[in-house]
J.: 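Quick one: structure below, then a few questions.
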2 protein chains.
Amino acid sequence: MDFTEIIGFVAAVCTTISFVPQVVRIWRTKSTKDISLGMFLIFCAGVILWLTYGLLLNNLPIIVANTVTLFLILTILSFKIRYK
Amino acid sequence: MDFTEIIGFVAAVCTTISFVPQVVRIWRTKSTKDISLGMFLIFCAGVILWLTYGLLLNNLPIIVANTVTLFLILTILSFKIRYK
């Protein structure tokens, strides 16, 4: 793994795990008033398309990162619907 | 542009513009209580790394998408600091 690949790998880890603190926050507060449903719906559509892109290219890092992100985004969306 | 490239392009557009509804929502409500600072800080670090990755590869789509995303994320972060 060269320097550029390491940068890309750490970038993917950051943009994937970043949603964990948001999941934890909602889990604790049960409040989602300030969170935009539109943001998470459009982001979810984007992640599904990234996952499709990864599957078409058979690119494992894209597939893994977007599967984890999709799971976290769907959790936040289910919280948004459950806790108004 | 083949089918796979179109999927990747639409995916990038979605995950980039998704932050616009969140910016608009905070602009209207002036409230960011439910938004996780940790999420946007880690995501911001990730986007800076993606931008670095794009610059290292001289890949214009990655550079453009992440520059726009960085601008939107920094806007949300400045709102988060301004409106508690």
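The chains referred to below are lettered A, B, ... by the order of the sequence lines, with proteins before strands, and numbering in each begins at 1.
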J.: Return the CD1 to CD1 distance between Ile35(A) and Ile26(B), rounded to the nearest 0.5 Å.
T.: 10.0 Å
J.: Would you please go through residues 10-25 of chain A and name the residues with a non-hydrogen atom below 4.5 Å from one of chain B, in numerical order?
T.: Val10(A), Ala11(A), Ala12(A), Cys14(A), Thr15(A), Ile17(A), Ser18(A), Phe19(A), Pro21(A), Gln22(A), Arg25(A)
J.: Show me the donor-acceptor pairs, under 3.5 Å and distance only, between side chains in residues 53-61 of chain B and residues at least two apart or in other chains.
T.:
from     : atom 1 : to       : atom 2 : distance (Å)
Asn59(B) : OD1    : Ile62(B) : N      : 3.1

J.: Name the option with the most non-hydrogen atom pairs under 4.5 Å to chain B; the candidates are Thr52(A), Thr32(A), Thr29(A).
T.: Thr32(A)
J.: Could you tell me which residues in residues 67-83 of chain A have at least one non-hydrogen atom under 4.5 Å from a non-hydrogen atom of chain B, sorted by residue number?
T.: Lys80(A)
J.: So which residue, Leu51(A), Leu49(A), Ile6(A), ends up with the most heavy-atom pairs under 4.5 Å with chain B?
T.: Leu49(A)
J.: May I ask you to decide if Lys33(B)'s main-chain N or O and Asp34(A)'s side chain share a donor-acceptor pair within less than 3.5 Å?
T.: yes
J.: Tell me every residue that passes side chain to side chain contact (heavy atoms under 4.5 Å, CB included) with Asp2(A), counting only those two or more places apart in sequence or in another chain.
T.: Thr4(A), Glu5(A)
